[in-house]
Amino acid sequence: MRSPLALKGTLYKYRNVIQSLIPSSVNTLILPSVRDMELELYFLKKYKILCSTYDYRIYDFWNSYFTNPQRIFSMAGKLFKSIEFDNYTEISELYYSQSDSNMRSAIFLLMNACGNQEDFFKDSFNLRKAVLVEDFLSNHTHFVPSRLKVNYYSLEEQLGDPLAFTILDLPE
């Protein structure tokens, strides 16, 4: 199962090492985001997963996605067919003008899928990725996890549980 968002980070390539370091007594993992590694750990069905983000846009996306993933993807698909992607900055302007969190999430999903992933809101359009977007939007397997929660605050605010294991994704 792949995350609908591709977020910058290198934890996934170390997932086997990270899994080997988690003590058997741990029942909660505290993680920096919701990417492929975090989902892989979730699907082991051993842990409650708490993810933290200091980026409200990522929190907003997951909050909407967990409520109705099909709607987010459907909206993103319709938007993808109707918008001119020649100017990537127009997409970010559209994001900030939305009051509906589902529409913001659909736009964020497209920005993530079509951008170069340096900074979604200062990014540029990547034509190679955009070619793959329609296939991604129509073929993504949706899930609504029950033991995974995304919080809008720093990891430090979740520390202190003796049965929790915290994984940090430090900048290179």
Side-chain angles (χ1 to χ4, degrees), residues 1-76 95 101-123 129 132-133 135-137 139-172:
M1 172 74 52
R2 300 296 307 254
S3 171
L5 292 183
L7 300 173
K8 211 172 175 190
T10 57
L11 284 180
Y12 188 75
K13 66 182 174 183
Y14 302 112
R15 68 191 182 284
N16 294 329
V17 173
I18 291 169
Q19 287 179 26
S20 73
L21 295 173
I22 301 170
S24 60
S25 61
V26 165
N27 61 17
T28 302
L29 296 178
I30 302 172
L31 301 155
S33 195
V34 184
R35 296 171 292 205
D36 293 334
M37 187 195 73
E38 289 83 348
L39 292 178
E40 197 171 287
L41 290 168
Y42 172 80
F43 286 114
L44 290 175
K45 298 184 179 181
K46 290 180 171 180
Y47 312 106
K48 177 181 176 185
I49 308 285
L50 300 175
C51 298
S52 291
T53 181
Y54 55 86
D55 188 332
Y56 184 79
R57 300 165 299 193
I58 294 172
Y59 168 78
D60 190 38
F61 170 81
W62 284 109
N63 202 30
S64 296
Y65 181 86
F66 289 162
T67 303
N68 195 342
Q70 294 85 358
R71 183 165 183 215
I72 303 298
F73 272 70
S74 173
M75 293 170 87
Y95 175 89
S101 64
N102 291 315
M103 182 53 86
R104 283 193 311 270
S105 296
I107 295 167
F108 189 77
L109 180 65
L110 283 180
M111 292 175 76
N112 180 257
C114 295
N116 288 312
Q117 297 175 349
E118 296 305 317
D119 179 335
F120 302 129
F121 292 82
K122 297 176 184 168
D123 211 344
K129 288 183 180 180
L132 305 173
V133 168
D135 185 52
F136 163 70
L137 292 174
N139 293 321
H140 187 270
T141 304
H142 304 298
F143 63 96
V144 179
S146 58
R147 296 175 333 278
L148 191 149
K149 183 174 182 182
V150 179
N151 297 307
Y152 177 53
Y153 44 75
S154 67
L155 282 172
E156 293 84 17
E157 294 178 60
Q158 293 187 108
L159 298 177
D161 182 344
L163 297 177
F165 187 79
T166 303
I167 299 169
L168 301 174
D169 190 8
L170 301 174
E172 292 178 17

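Counting begins at 1 with the first residue of the sequence. Not measured: the values here are computed from a predicted model.
- When all heavy atoms of Leu109 and Ala76 are compared, the pair lying nearest together is CD2-CB, 4.0 Å.
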- Residues Leu110, Leu137; criterion side-chain contact (heavy atoms from CB on, under 4.5 Å); working and verdict: CA-CA 9 Å; Leu110 283 180; Leu137 292 174; 4.1 Å; yes
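- From Asn102, atom CG reaches atom CD1 of Ile107 across 11.0 Å, with rounding to the nearest 0.5 Å.
- The ring-ring contact (aromatic ring centres under 6.0 Å, His included) test applied to Tyr42 returns no partner, not counting sequence neighbours.
- Pairs engaging residues 20-30 under the salt bridge (charged side-chain N to carboxylate O under 4.0 Å, His left out) rule: none recorded [sequence neighbours left out].
- Separation of atoms NE2 (His140) and CZ (Phe73) is listed at 4.5 Å; rounding is to 0.5 Å.
- Of all the heavy atoms in His142 and Gln70, the pair that sits closest is CD2-CG, 3.8 Å.
- The two residues Phe66 and Val150 come nearest to each other via the heavy atoms CE1-CG2, 3.8 Å.
- Rounded to the nearest 0.5 angstrom, Leu29 CG and Ile49 CD1 are separated by 4.5 Å.
- The side chain to side chain contact (heavy atoms under 4.5 Å, CB included) check on Lys46 picks up Leu44, with sequence neighbours excluded.
- Applying the ring-ring contact (aromatic ring centres under 6.0 Å, His included) test to Phe61 and every residue at least two apart in sequence or in another chain returns Tyr65.
- Here the side chains of Asn63 and Tyr152 are not in contact, with every heavy-atom distance at 4.5 Å or above.
- Within the structure, salt bridge (charged side-chain N to carboxylate O under 4.0 Å, His left out) pairs that include any residue of residues 67-76 do not occur (at least two apart or interchain).
- The environment of OH in Tyr59 is sparse: at most 12 heavy-atom neighbours from other residues, nucleotides or ligands sit within 6.0 Å.
- With sequence neighbours excluded, the residues satisfying side chain to side chain contact (heavy atoms under 4.5 Å, CB included) with Ser101 are Asp60, Ser64, Arg104.
- By the 4.5 Å heavy-atom criterion applied to side chains, Phe108 and Leu5 are counted as neighbours.
- Considering only heavy atoms from C-beta on, Gln19 comes within 4.5 Å of Leu41 through its side chain.
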